[in-house]
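To start, the structure under review is shown below, and the notes come after it.
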Amino acid sequence: MTPHHSSRARFQAFPTQLQKEHFPHQQLFLPLPYIISLFLYSSPVNTLSLKIFLHLPLKLKSNLSLIDQSASQKSGVIVGDDVLNLFKYAKEHKFAIPAINVTSSSTVVASLEAARDAKSPLILQMSQGGAAYFAGKGVSNTDQFASISGAIAGANYIRSIAPAYGIPVVLHTDHCAKKLLPWLDGMLDADEKHFAEHGEPLFSSHMIDLSEEDKEWNISTTKKYLQRAAPMSQWLEMEIGITGGEEDGVDNTGVDNSSLYTQPEDIYQVYEALSSVSPYFSIAAAFGNVHGVYKPGNVKLHPELLGKHQAYAKEKINCEEDKPLFLVFHGGSGSSKEEFSAGISHGVVKVNLDTDLQYAYLTGIRDYVLNKKDFIASQVGNPEGEDKPNKKYFDPRVWVREGEKTMSARVKEALTDFNTANQL
Ligand SMILES: O=C(CO)COP(=O)(O)O
Ligand SMILES: O=C[C@H](O)COP(=O)(O)O
Ligand SMILES: [Zn+2]
Ligand SMILES: [Zn+2]
């Protein structure tokens, strides 16, 4: 057995072991959370139908089989307990999974290639704007039509191609502020339809980001969405405290500095509200995070605050576990390896990376265009002869591929920095 195979075997074993250790009640009384959640469905956001209720026996069967899945079934999009167990495994083994913002099949395959080569799990996510881009910029986004259709198209594409790369992939959507909730509603409709047909949601997880709203409303509304996701064992990431910079087209560069650092009491309030519904959630707590890359010194990250949040939550919950929270690091671009490592040591299991990868994708194409400018100025004629055809230089499979290579190399760097490489 090669070292790779033995570590792979360890990874495959963890779901069953962790399931027994941490969620024995789910093995013995699996229907209980579903039945409880059904009683909790009094919220206006819930549109869960009797169809899902009737579908429960199938879901329970598929849930059990997920826990016992073999090596080959672990490749491709994972859902439910596999996601939970992957994050638990990451927390215990001190690594975080990069969440890459994808906008096209090209950026999807560039990311998958890196994760396959680095023997790593991966998270692929679409923002509301990225999802609309997947649909095509020419499609109207009235009532989130393009963002919903594009997210569904992207999800189906990722679901189809991810198994070819032989790694587990978490299929996620990014942010989603209050005004974009119809986008999330549309995707949840698609999840419930997929669940009714296949026993699992279309997406592994979503994010909801009501961090700019009143705290009580943020938490209570997020809880309602988790109540809708829970019967599908679907993960929900939420944000409390604000990520600076720009997201979903909203400029947060001028927000009050104190909102960039979440307080431990607020995080515990989130934990208390959400853990009463489901264990499938994570918190993007702000510790100075900013989207985008700016001049040095602009961002002051304090990942050590996350350690304080974990300690506060542990004391309040009175649990054995030192790090009861699953934390998410937004605005990964431009951060140092030390900042990542500090966050990961305090229970960060997911790091969002976008801007650095946008730039990395560009550099391959930019350099190609600059180096080959005399071969792409016209269809025919280059320095080797005025009649020479240039088709092999301007074929998008050649120059777009150059962007994929540089993006892939940057994803690999992140996999090393987050200690994700060789975890499979
Ligand atoms: O947080 C992010 C996406 O939600 C990505 O942030 P960066 O663009 O700063 O990497
Ligand atoms: O929110 C941050 C991500 O980088 C997504 O950005 P976007 O809204 O420009 O797609
Ligand atoms: Zn936000
Ligand atoms: Zn973000």
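Note that ligands are numbered from 1 as they come in the structure, with each ligand's atoms numbered from 1 the same way.
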What are the atoms of ligand 2, with element, lying closer than 4.0 Å to any heavy atom of [X]?
{"X": "Asn101", "result": "3 (C), 5 (C)"}
{"X": "Glu247", "result": "1 (O)"}
{"X": "Ser127", "result": "5 (C), 7 (P), 8 (O), 10 (O)"}
{"X": "Asp248", "result": "8 (O)"}
{"X": "Asp354", "result": "3 (C), 4 (O), 5 (C), 6 (O)"}
{"X": "Asp174", "result": "1 (O), 2 (C), 3 (C), 5 (C)"}

Determine the interplanar angle of the [X] and [Y] rings, folded into 0 to 90°, and report it as parallel if under 30°, tilted if 30 to 60°, perpendicular if over 60°.
{"X": "Phe375", "Y": "Tyr393", "result": "tilted"}
{"X": "Phe134", "Y": "Tyr157", "result": "tilted"}
{"X": "His206", "Y": "Phe203", "result": "tilted"}

Practice prompt. Within a distance under 4.0 Å of any heavy atom of His330, pick out the atoms of ligand 1 and give their elements.
Written response: 1 (O), 4 (O)
Fill in: Contact atoms of ligand 1, heavy-atom distance to His175 under 4.0 Å
4 (O)
Practice prompt. Classify the contact between Gln128 and ligand 2 as side chain, backbone, both or neither, using a heavy-atom distance cut-off of under 4.0 Å.
Written response: neither
Fill in: Ser120 side chain near Phe95 side chain, heavy-atom distance below 4.5 Å
no
Item to complete: I would like to know whether Lys88 and Glu92 meet salt bridge (Lys or Arg N to Asp or Glu O under 4.0 Å); could you show each step before the answer?
Response: CA-CA 6 Å; Lys88 277 181 162 287; Glu92 282 170 16; 5.5 Å; no
Among all the protein's non-hydrogen atoms, which is closest to [atom], and how far away is it?
{"atom": "atom 6 (O) of ligand 1", "result": "Gly331 CA, 3.2 Å"}
{"atom": "atom 10 (O) of ligand 1", "result": "Ser333 OG, 2.6 Å"}
{"atom": "atom 9 (O) of ligand 1", "result": "Gly292 N, 2.9 Å"}
{"atom": "atom 8 (O) of ligand 1", "result": "Thr355 OG1, 2.5 Å"}
{"atom": "atom 4 (O) of ligand 1", "result": "Asp174 OD2, 2.7 Å"}

Response to the item:
Answer key: the N, O or S atom of His175 nearest to the Zn ion (ligand 4) is NE2
Considering only NZ, NE, NH1 and NH2 on the basic side and carboxylate oxygens on the acidic side, decide whether [X] and [Y] come within less than 4.0 Å.
{"X": "Arg228", "Y": "Asp189", "answer": "yes"}
{"X": "Glu321", "Y": "Lys91", "answer": "yes"}
{"X": "Glu304", "Y": "Lys308", "answer": "no"}

Worksheet item: Does Asn101 reach ligand 1 with a nitrogen or oxygen that is under 3.5 Å from one of the ligand's nitrogen or oxygen atoms?
Response: no
Fill in: Polar contact flag for Asn352 and ligand 1 (N/O pairs, less than 3.5 Å)
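Between Asn352 and ligand 1, an N or O pair is found under 3.5 Å apart.
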Practice prompt. Indicate yes or no for a side-chain donor-acceptor contact from Thr406 to the backbone of Ala360 under 3.5 Å, with no hydrogens or angles considered.
Written response: yes
Practice prompt. For Leu353 and ligand 1, answer yes if some heavy atom of the residue is under 4.0 Å from a ligand atom, otherwise no.
Written response: yes
Worksheet item: Is there a heavy atom of Asn289 sitting under 4.0 angstrom from any atom of ligand 1?
Response: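 Contact check Asn289 vs ligand 1: negative.
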Please determine, by modelled atom types, if [X] and [Y] share a side-chain donor-acceptor pair under 3.5 angstrom.
{"X": "Ser408", "Y": "Glu113", "result": "no"}
{"X": "Gln234", "Y": "Glu200", "result": "no"}
{"X": "Arg366", "Y": "Tyr359", "result": "yes"}

Response to the item:
The single option from His175, Glu237, Lys350 that satisfies side chain to side chain donor-acceptor pair (under 3.5 Å) with Gln125 is Lys350
Worksheet item: Relative to ligand 1, is Gln358 under 4.0 angstrom through side chain, backbone, both or neither, heavy atoms considered?
Response: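 The answer is neither.
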Worksheet item: Would you say atom 9 (O) of ligand 2 touches the protein, meaning some protein heavy atom is under 4.0 Å from it?
Response: no
Worksheet entry | Three-point angle His291:NE2, the Zn ion (ligand 4), His330:ND1, rounded to the nearest 10° | 130°
Practice prompt. Mark the output for Gly129 as yes if a heavy-atom distance to ligand 2 is under 4.0 Å, and as no if none is.
Written response: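 Checking ligand 2 against Gly129, which is what was asked, there is no heavy-atom contact under 4.0 Å.
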